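Here's the structure, in structure tokens; my notes come after.
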Number of protein chains: 2
Amino acid sequence: MEKYVKILKDNNMKITSHRINVLRYLDKHCTHPTADQIYTDLKTNNPSLSKTTVYNALDALESHGIIQAITISGSELHYDITHEMHHHFYCKKCGKIIDIEFCCPNINKMSEYGHEVEEVHGYIKGICKKCIKKGS
Amino acid sequence: MEKYVKILKDNNMKITSHRINVLRYLDKHCTHPTADQIYTDLKTNNPSLSKTTVYNALDALESHGIIQAITISGSELHYDITHEMHHHFYCKKCGKIIDIEFCCPNINKMSEYGHEVEEVHGYIKGICKKCIKKGS
DNA sequence: TTACAAAATTGTAATCATTATAATTTAACA
DNA sequence: TGTTAAATTATAATGATTACAATTTTGTAA
Ligand SMILES: [Mn+2]
Ligand SMILES: [Mn+2]
Ligand SMILES: [Zn+2]
Ligand SMILES: [Zn+2]
């Protein structure tokens with residue numbers, strides 16, 4: 001059984017080709033794409049795909065914790081497969097979102113506050129290495 | 001000279017009553033309001049206020065680093081006066097944004113990546129203490 | 001298999017936060 | 001006090017996302 005079929009099955013989700021494609025896309029691309037980017041890319045091999053289906057698939061996958069929405073840009077959602085906790089860097093110049101492979105040890109302190117923690121997002125914004133080079 | 005006038009002056013910004021009002025509003029309210037909430041509240045004492053002016057004032061204040069946009073909700077921007085670095089908790093039930101008074105020590109490691117850091121945002125999402133109580 | 005019910009997909013229209021535009025007013029400064 | 005650049009205003013436009021209703025597909029049970 002394909003890896004992505006198993007993930008959907010394990011989460012009691014109906015198996016559809018669109019969901020598999022969206023999930024595979026996010027697994028293969030570490031670019032943190034938007035719904036529109038996923039839609040445009042998948043549509044080339046599947047012209048009948050509707051953008052609403054991409055939104056629906058993303059919502060369904062997110063509600064099961066299989067993927068996460070990244071709100072770093074402030075104007076549109078980006079998506080990422082849920083795996084080891086990591087942070088994200090957003091370049092204000094080129095818009096790229098880059099993985100930052102550490103995370104905050106103080107998150108443990110959250111229990112003191114009495115809130116129930118479901119997600120942790122670390123967003124760092126600035127100018128990326130490449131854009132600094134180009135600019136100088 | 002009023003505190004807020006000084007802030008604007010120090011940043012070489014033109015002094016306008018609207019900018020002062022927006023700035024004072026953010027300083028007095030620790031609720032992380034949206035542009036619309038600020039607009040609605042300020043309009044009661046100043047009916048000629050335009051929503052575009054609130055957006056413009058927020059953009060101007062943000063571009064000078066006096067305030068920060070919080071992208072935690074994913075659907076609309078919330079604003080906060082820039083002061084000591086802290087994180088934010090977002091309740092998925094009631095939508096409230098609560099200050100979390102610690103921050104990530106690993107941010108220092110960012111220099112290893114070669115990116116130029118301008119902003120650091122720590123967003124934690126879940127169910128707030130009050131909503132947990134209500135729900136049980 | 002076949003048949004059925006629940007859920008997914010589709011295309012379109014609606015929503016809502018934000019931005020663009022152009023006319024008018026105001027702040028800063030000589 | 002007059003001039004000029006910038007701020008304000010009202011309105012229109014944009015763009016991401018959601019709502020909706022008709023159609024198709026999935027999972028399951030006869
Ligand atoms: Mn990532
Ligand atoms: Mn805050
Ligand atoms: Zn860049
Ligand atoms: Zn709450």
Side-chain angles (χ1 to χ4, degrees), chain A residues 1-2 4-23 32-43 45-64 66-79 95 97, chain B residues 1-2 4-23 32-43 45-64 66-79 95 97:
Chain A
M1 182 170 27
E2 196 188 5
Y4 309 111
V5 174
K6 177 167 164 40
I7 292 175
L8 296 175
K9 266 217 171 78
D10 289 350
N11 283 275
N12 292 314
M13 298 172 69
K14 282 202 172 166
I15 316 300
T16 73
S17 61
H18 293 326
R19 286 177 172 177
I20 294 171
N21 289 336
V22 168
L23 191 47
H32 312 93
T34 63
D36 190 70
Q37 289 164 337
I38 298 168
Y39 167 70
T40 303
D41 278 8
L42 293 182
K43 197 169 176 66
N45 288 323
N46 201 335
S48 79
L49 178 66
S50 166
K51 193 183 276 192
T52 305
T53 300
V54 175
Y55 277 107
N56 287 342
L58 290 170
D59 287 350
L61 292 167
E62 192 196 0
S63 73
H64 285 86
I66 301 167
I67 66 174
Q68 277 197 324
I70 299 176
T71 65
I72 197 169
S73 92
S75 56
E76 74 284 298
L77 297 178
H78 292 251
Y79 287 91
I97 295 174
Chain B
M1 180 170 28
E2 194 187 7
Y4 309 110
V5 173
K6 177 165 165 41
I7 293 175
L8 296 175
K9 266 218 171 79
D10 288 350
N11 283 275
N12 293 314
M13 298 173 69
K14 282 200 173 169
I15 316 301
T16 72
S17 62
H18 293 326
R19 286 177 172 177
I20 295 172
N21 288 337
V22 168
L23 191 47
H32 312 94
T34 63
D36 190 69
Q37 288 164 336
I38 299 168
Y39 167 70
T40 303
D41 278 8
L42 292 183
K43 197 169 176 66
N45 288 323
N46 201 335
S48 80
L49 177 67
S50 165
K51 192 183 278 192
T52 305
T53 299
V54 174
Y55 277 108
N56 287 342
L58 290 170
D59 287 349
L61 292 167
E62 191 195 1
S63 72
H64 285 86
I66 302 167
I67 66 174
Q68 277 198 321
I70 298 176
T71 65
I72 197 169
S73 94
S75 55
E76 74 284 299
L77 296 179
H78 293 251
Y79 288 91
I97 296 174

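What you are looking at is a predicted structure, and each value in this text was computed from that prediction instead of being measured. Just so we're on the same page: letters track the sequence lines, and every chain starts at 1.
Remark: the B:T52 side chain and the D:dT11 base include a donor-acceptor N/O pair separated by less than 3.5 Å.
If you take OH of A:Y55 and C1' of C:dG11, they are 15 Å apart, rounded to a whole angstrom. The interatomic distance linking A:R19 (CZ) with D:dT25 (P) rounds to 15 Å, in whole Å. In this structure, the CD1 atom of B:I20 is 15 Å from the C1' atom of D:dT8, given to the nearest Å. Protein atom CG of B:L8 is 12 Å distant from nucleotide atom C1' of C:dA27, rounded to whole Å. Atom CG of B:L61 and atom P of D:dT8 are 10 Å apart (whole Å). When the C1' atom of D:dT8 is taken as reference, atom CG of B:L42 falls 15 Å away, rounded to whole Å. Atom CD1 in A:I38 sits about 14 Å away from atom C1' in D:dA16, given to the nearest Å. Computed from coordinates, the B:N12 CG to D:dA5 P distance equals 18 Å when rounded to whole Å.
Comparing B:G74 and B:P47 by the nucleotide of DNA chain D that holds the closest heavy atom to each, the one mapping nearer the 5' end is B:P47. Map B:S75 and B:S17 each onto its nearest nucleotide of DNA chain C; the residue landing nearer the 5' end is B:S75. Of the residues near DNA chain C, A:K14 and A:K51, the one whose nearest nucleotide (by heavy atom distance) lies more toward the 5' end is A:K14.
The side chain of A:N56 has C:dT10 as its nearest neighbour among C:dT10, D:dA16, C:dA27. Taking every side-chain heavy atom of A:L49 into account, C:dT10 is the closest of C:dT10, D:dT26, C:dA28. Between D:dA7, D:dT8, D:dA16, one nucleotide has an atom nearer to the side chain of A:E76 than all others, and that is D:dA16. In this structure, the nucleotide among D:dT8, D:dG27, C:dT18 sitting nearest to the side chain of B:H18 is D:dT8.
As judged by a 4.0 angstrom heavy-atom cut-off over every strand, A:T34 is placed among residues making no nucleic acid contact. At the heavy-atom level, B:T16 lies under 4.0 Å from the strands shown only through sugar-phosphate atoms.
From B:I20, atom CD1 reaches atom CE of B:M13 across 10.5 Å, with rounding to the nearest 0.5 Å. Distance OH/A:Y39 to OG1/A:T53: 9.5 Å, rounded to 0.5 Å. Once rounded to the nearest 0.5 Å, the distance linking OH of A:Y4 with CD1 of A:I7 reads 7.0 Å.
Each of B:D36, B:T34, B:L49 was evaluated against B:V54; a single residue qualifies, B:L49, per the side chain to side chain contact (heavy atoms under 4.5 Å, CB included) test.
Residues A:D10 and A:K6 form a side-chain contact, since some pair of their non-hydrogen atoms from C-beta on lies under 4.5 Å apart.
A sub-4.0 Å separation between OP1 or OP2 of C:dT10 and a side-chain N or O of A:S48 is present.
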